[in-house]
Amino acid sequence: MKHLIIIGLIGLSNLLLAQTTNYKPLSEADKAIAAIESAPIIYDSLRKVYKNRWSIGVVYGQRFISASNKTARLDTVTFNDFTSRRSFWGISGSRFISKNIQISLAFNFTIYPRRQNINSISFGGANGLQVSGSGNGGALVNFSFGGKYIFMENKFTRPYLGLKLGLIRAIAKGGVGGFNAASGQFQEIVEQNTNFGYADLNIGFIHRMSPASMLDFNLGYQIASKSEEIGGITSPSGFNASISLHIIINAKKN
């Protein structure tokens, strides 16, 4: 019986030794490392510089015209008020020409919807029924070319200093009109157009959410030329802030 137990133990030990010999932990580890090294790096474009990559973006922002550039009285020619709305929307296209420099072209606008007001209604006299009113509408349209210098090469968030040069086209249209029983309808419409050249020094940071998408947060101060009064302002100078979402056109190329 003792001999059978010894023979059984020897057989079991040989079986375990054979199994242990077939399992090669070092070989399996080598295979796993090789598989990882040969697999594509998903976030490669987040780690490398952005050089030679194009992007297109949608922009939303706020424009704050400084008090010194607002007129003391309202526009009595076109009846527009360019300080009544701060929001602007736009699009931009950019290219990273090096690991630290990005250049861009941008277009944005603020629309002041057409408004119509009834100023007075009266009845009597030689003209009978008389109605008078006023209306207005306008827009600020902005074209710019700019560049950014990026200070740090972090994987996800990079601060920058930027400069924009551009042109703002101010369009204001308004007038008065009315109706009376004696002479019928009457109206007088005036349209004004003015161009403002400007320079905008700005700071911000870009944040890559994925290899193909990026957020840009921007704060700047715009120094613009002056003109005759239009829409209650003499210049659109002042602070501005914006956020834009960019899609990287060639994100998969290294």
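The closest side-chain heavy-atom distance from T110 to N142 is not below 4.5 Å. By the 4.5 Å heavy-atom criterion applied to side chains, H207 and T157 are counted as neighbours. Side-chain contact between K164 and S104 is absent, with no heavy atoms from C-beta onward closer than 4.5 Å. M209 has its side chain within reach of L245: a pair of non-hydrogen atoms, C-beta onward, lies under 4.5 Å apart.
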_Using side-chain hydrogen bond (donor to acceptor under 3.5 Å, both in side chains), reason through S98 and N100 one step at a time and then give a plain yes or no._
CA-CA 5 Å; S98 75; N100 297 112; 5.2 Å; no
*Decide yes or no on side chain to side chain contact (heavy atoms under 4.5 Å, CB included) for F109 and W89, but give the supporting numbers first.*
CA-CA 6 Å; F109 58 89; W89 293 88; 4.3 Å; yes
*Derivation and outcome, side chain to side chain contact (heavy atoms under 4.5 Å, CB included), residues N136 and N80*: CA-CA 6 Å; N136 61 73; N80 280 276; 3.7 Å; yes
*Between N202 and Y160, is a side chain to side chain contact (heavy atoms under 4.5 Å, CB included) present by the stated rule, with each step listed?*
CA-CA 9 Å; N202 54 87; Y160 65 79; 3.8 Å; yes
*Kindly determine whether S94 and K148 satisfy side chain to side chain contact (heavy atoms under 4.5 Å, CB included), including the steps that lead there.*
CA-CA 10 Å; S94 64; K148 299 172 183 175; over 6 Å; no
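Minimum heavy-atom separation, G162 to L201: O-CD1, 3.4 Å. Between V59 and S244 the shortest heavy-atom distance is CG2-CB, 3.7 Å. Closest non-hydrogen pair, R63 versus P236, comes out as CD-O, 4.5 Å. Nearest heavy atom pair, residue E229 against residue Q192, reads O-OE1, 4.0 Å. Contact detail for L219 and A241: the closest heavy-atom pair is CD1-CB, 4.1 Å. Scanning both residues, D75 and G231, for their nearest heavy atoms gives OD2-N, 3.0 Å.
For the atom pair CD of E228 and OG1 of T194, the computed distance is 7.5 Å after rounding to the nearest 0.5 Å. Atoms CD1 and CZ, from I206 and R208 in turn, are 8.0 Å apart once rounded to the nearest 0.5 Å. A distance of 5.0 Å separates CH2 of W54 from CZ of R95, quoted to the nearest 0.5 Å. Remark: I171 CD1 to N195 CG distance equals 9.0 Å, nearest 0.5 Å. With rounding to the nearest 0.5 angstrom, the CG atom of L165 is 9.0 Å from the OG atom of S144. The distance from atom CD of Q62 to atom CD1 of I243, rounded to the nearest 0.5 Å, is 12.0 Å.
Between F239 and Y221, the angle of the ring planes goes over 60°, which puts this pair in the perpendicular group of the 30/60° scheme. Classified by interplanar angle (parallel below 30°, tilted 30° to 60°, perpendicular above 60°), the ring pair F151/Y149 is perpendicular.
By the 6.0 Å contact criterion, CG on L163 is enclosed, its count of non-hydrogen atoms from other residues, nucleotides or ligands being greater than 12. In the displayed structure, R114 atom CZ is contacted under 6.0 Å by at most 12 heavy atoms of other residues, nucleotides or ligands.
Counting only distance, with no hydrogens or angles, the side chain of T71 and the backbone of G232 share a donor-acceptor pair below 3.5 Å.
Hydrophobic clustering (side-chain heavy atoms under 4.5 Å, transitive across Ile, Leu, Val, Met, Phe, Trp, Tyr) keeps V141 apart from I230. Both I101 and I203 are part of a single hydrophobic cluster, where members link through side-chain heavy atoms under 4.5 Å apart. I223 and F196 sit in two unconnected hydrophobic clusters of ILVMFWY residues. Membership requires side-chain heavy atoms under 4.5 Å apart, directly or through other members. Hydrophobic clustering, with ILVMFWY side chains joined whenever heavy atoms are under 4.5 angstrom apart, groups Y60 together with I91. Hydrophobic clustering, with ILVMFWY side chains joined whenever heavy atoms are under 4.5 angstrom apart, groups I111 together with F107.
Taking N69 as the reference, I65, S66, K226, T234, S235, S237 meet the side chain to side chain contact (heavy atoms under 4.5 Å, CB included) condition, with sequence neighbours excluded.
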